[in-house]
Amino acid sequence: MSVEAPAKKVSVKDFRADLHNDWCPGCGDFGILASMQTAFAQLQINPDRLAVFSGIGCSGKTPHYINAYGFHTLHGRVLPVATGGRLANSGVTVVALGGDGDGYGIGAGYFVNSGRRNVDFTYLVHTNQVYGLTKGQASPTLQRGRKTKSMPERAIQDGINPIAMAVAAGYTFIARAYALDVKYTASIIAKAIQHKGSALVDVLQTCPTYNDLYTKEWYEGADLPEKRSRLYKLEDKGYDGVVKDPSDPQELIAKKAGAVARSYEVDPIPLGIYYQANLQTYEEAVSERIPALATTPLAELDVFHRDVSPLLEAMR
Amino acid sequence: MRKNQLNWMIGGPQGSGINASAEVFARSCSRAGLRVYATFDYHSNIMGKHSFYRVRVADEDLRSFRDPVDVLVALDEETLTGDGHHRRWATHFGHLHEVSPGGGVVFDTEAGFDPATSDRKDIKFFPIPLMELIKTALTEIGKGGQFRAYEIMKNTVALGASLALCDYPFASLESVIADQFKAKRFDEIRGLNVRAARLAFDYVRDHFNIKDFPYQLGPGPDAKARILAKGFEIIGIAKLKAGCAFQTYYPISPATDESVFLEKQQRAQNLLVVQCEDEISSINMAVGAAHTGVRASTATSGPGFALMVEGIGFASITEAPGPVVTLYQRGGPSTGMPTRQEQGDLLLTLHPAQGDFPHLVTAPGDLRESYQDTFSAFNWAVYTTIDKLELKYDKIERGKLYHPGDFTDPQFKGPHDGFTAQNGHQTTQYGGAEKEYLRYALTPDGISPRSRPGQDGGRFWTTSDEHEPSGHITEGVDMRIEMMRKRMGKLDLALKLIPEDQQLGLWGPADADLTVVSWGSPKGTILDAIKVLEAEGKKVNFLQCRLMRPFPARRVGEILRKAKKVVLVEENYSGQLGQVIATETGFMIQERVLKFDGRPFSEDEMVKALSNVLAGGKAEAVVTVVR
């Protein structure tokens, strides 16, 4: 997404809203919020041209803490609302976010179909394996057989693989980050926003209140004899998920297959860009139908002086 | 002899093109200065099931169809005698029994029907060798051997034959058939269709004595070609005129036609149409677009609307300017009867989602009102930021074709209700950089100044939670009360804003012996029935409820309390409007004429039902399947 620079330089604090934050102390959401604000400042986005859309849950409150246009929508429906906003005004940078239950459970249909469209937005999923605001039930990413302290029984459904699902759905930028590494997460979010097309960033997030399995210490590997991190960066192992020639179907398939293969690595878990391809966006496809949209956002087109007389004449 | 008063019907298996030939006939009559009212009756099926199309023609305006068929065109045997012999429970008994005494039946000699077996000795049968005539036309251009590939032309051939009976000028038909295949690539097929229709026309004149056929059809007194339209076309055009820039949809019968119609206008009219993954996506995408500064809408039918309800509550609490939802009703419950007629969704639309929230619901009764209400809906929504306006239409979707009136009337020229068509951002009313802008500011009339994403200094937050003027979440007692009152108060504003003639209609004499109360598409049938009763010296008037939310309770209550006798007419099982009137006004309507067989009222049924009520008989549900 190309970003229009603000009139005066903006910093991280320009993206902070003056509102008391009611997340639990130590919540991974703080890391994601800080990463977003850092990325917005890095990219010098004009807050008047930025809209942040969220679903429902702890993460859903994020837009209230950001100084930009903020839409706190419905559980699972954030992507349709964000898509409507983006298509109405392509001059606005659109960032959507929500929890893993929101995106991969109740919103799974919209997650998949948004990938098919490739509308130019960034979607951050706060993956913490639990439904926090309803007090810790298993979310769709919790693996079979696991049980957090808030669950009465072990999970008897498989956890889904959001990276592989995003590849299959057609997202053109697919990455994973870790909420407590703000600097790295901010850099991934910035790349996702700069990407032209639908970008998924699955952010591994800790829930210190309800998830006692995937904690900060667990990600750091504090329980392992060698005390090594359970995370690694794809680029550190020489992996490059960026498609060089999007017109080459063989390269597209190879890069997708590579991303899916990496997505099944569980220890250590890969962070970074799994897959990226510059393919036609929905907006570009639409501009071929409605040429005026190539230069003017829909919300600014004159649609109030239409001549419908040929349509009426055809009915005589 | 009856001149220019014809009830014509064509029936056949779905996929045989009967709708094309019926519409050619209807348009031909319209261009000849006649008035037309046509209805299409079809199954949820692509090929093979019985469907039929009625075309009623007269010199004067028509608003309904009649039961008797003066000329019946049958492409198959089932059209004549029904499906009782191959189904355990017959769905219909054919149309032979509906033919008027003295009327004519044009049928295919290949249909396997022997008129000698019919007990209808009072009607005339005209067997036509449809395939033979097609073969003759093909042979003339050297393609006689391929006639089976041209079977679809049977409907045009049968049409030609049926019009010869009525002494209709062939030239009036020819030009419309030719128009159907305007493109150059259709040169051959155009010529073939015209030729085959002509052969059938001549065949009837050569083989039958038609001089005494009692139903004659010729050009009307006023040879002006009127607009002949279907509901979805008129609603689509109203959306275009109202400045709708964004339409979402998920395919569903019978609402899809509107979105496909609009999809075809995208290039010429700068309108974006998005086909969504489901109706939940459709409504929410439209809400997102409305908040972001375009006039947005969606169109659906009952099952899709049932999915949209969550988004309607969301639009309302966030005070989105729209979207406009067009609901094309069909037979429920659940999947119900997808292509059939019913008015069973009224109560669902009046309180579709959890909690108390304002929204507007209007139910236009004909094409003209559909245009007005659709157009106005966008203005009302943008002005009041009442989340959504729902327009309910029944039966006027695919299957009905008639004259909406003349679109050069001043009221169709542009805004007719005091609002200019504009996006409605009140760009000067928020503070910009100097002053804090509050999207949900508490104001005397409940309308807060509105900005949209992308505007300088107009940043706001919005949430589906209860919120403060800033748009941030609150659970505070005082603010909750203030915000509820702010939102719900907009309903009172809407009642003042919406012109009374768009709230309800009162037709006929003030001192009537019977007042008919109804809503939506039975309007035309009721008005036609009242005319028939008037000729018999009976005084009946009609209260049409049009604005359903907010409901004009005071006015409706006044009218009903003054009425001598009241009867409720609805196409549903439970008398849903009657329930609304009872709740809103305390007036209980005792007499009810309800129909829930998935078919619209005919003029004859309406006359019979109202006569019965006038005579002191108990109103009962009307059953159309007779034998």
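Letters A, B, ... mirror the listed sequences (proteins, then strands); counts begin at 1. Everything numeric in this text was worked out from a predicted model, so none of it was measured.
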Among B:Val294, B:Thr248, B:Leu272, which one satisfies side chain to side chain contact (heavy atoms under 4.5 Å, CB included) with A:Leu87?
-> B:Leu272
Given a strict heavy-atom distance threshold of 4.5 Å, which part of [X] is in contact with chain A: side chain, backbone, both, or neither?
| X | value |
| --- | --- |
| B:Ala245 | both |
| B:Ser30 | neither |
| B:Asp179 | neither |
| B:Gln265 | side chain |
| B:Arg267 | both |

Of all the heavy-atom pairs spanning [X] and [Y], show the shortest one and how long it is.
| X | Y | value |
| --- | --- | --- |
| A:Arg289 | B:Val273 | NH1-O, 4.3 Å |
| B:Trp461 | A:Ile66 | NE1-O, 3.0 Å |
| A:Arg117 | B:Cys276 | NH2-CA, 4.0 Å |

Within a radius of less than 6.0 Å around OH of B:Tyr440, do more than 12 heavy atoms belonging to other residues, nucleotides or ligands occur?
->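 Yes, OH of B:Tyr440 has more than 12 neighbouring heavy atoms, counting only those of other groups under 6.0 Å.
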Count the heavy-atom pairs under 4.5 Å between each of [options] and chain A, then report the option with the highest count.
| options | result |
| --- | --- |
| B:Val287, B:Leu240, B:Ile473 | B:Leu240 |
| B:Pro453, B:Gly236, B:Gly471 | B:Pro453 |
| B:Val274, B:Thr463, B:Leu271 | B:Thr463 |
| B:Gly454, B:Ser464, B:Ala296 | B:Gly454 |

At what distance, to the nearest 0.5 angstrom, does [atom1] of [X] lie from [atom2] of [Y]?
| X | Y | atom1 | atom2 | answer |
| --- | --- | --- | --- | --- |
| A:Leu298 | B:Arg295 | CG | CZ | 13.0 Å |
| A:Met315 | B:Leu228 | CE | CG | 9.5 Å |
| A:Leu312 | B:Ile234 | CG | CD1 | 6.5 Å |

Taking NZ, NE, NH1 and NH2 as the nitrogens, is one of them in A:Asp307 or B:Lys241 under 4.0 Å from a carboxylate oxygen of the other?
-> no
Does B:Glu277 pair with A:Arg116 as a salt bridge, N-O distance under 4.0 Å?
->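 Looking at A:Arg116 together with B:Glu277, the answer is no, because their closest N to O distance does not fall below 4.0 Å.
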Step-by-step side chain to side chain contact (heavy atoms under 4.5 Å, CB included) determination, A:Arg49 to B:Asp456 | CA-CA 8 Å; A:Arg49 306 282 183 275; B:Asp456 290 327; 2.9 Å; yes
Contacting moiety of [X], where chain B heavy atoms sit under 4.5 Å:
| X | result |
| --- | --- |
| A:Ile56 | side chain |
| A:Pro47 | both |
| A:Asn67 | both |

Looking at [options], which one has more heavy-atom pairs under 4.5 Å with chain B than the rest?
| options | answer |
| --- | --- |
| A:Phe71, A:Tyr110, A:Phe53, A:Tyr282 | A:Tyr110 |
| A:Ala292, A:Gly109, A:Ala68 | A:Ala68 |
| A:Val78, A:Thr73, A:Asp302, A:Thr83 | A:Thr73 |

May I have the step-by-step check of side chain to side chain contact (heavy atoms under 4.5 Å, CB included) for B:Arg459 and A:Asp48, ending in yes or no?
-> CA-CA 6 Å; B:Arg459 284 191 306 280; A:Asp48 286 334; 2.5 Å; yes
Would you say the side chain of B:Glu310 lies within less than 4.5 Å of the side chain of A:Arg77, judging by non-hydrogen atoms?
->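 A side-chain contact under 4.5 Å exists here.
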For the side chain of A:Arg306 and the backbone of B:Asn270, is there at least one donor-acceptor N/O pair under 3.5 Å apart?
->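 Pair found, side chain donor or acceptor close to backbone of B:Asn270.
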Under 3.5 Å: donor-acceptor pair, side chain of A:Tyr69, backbone of B:Thr462 | no
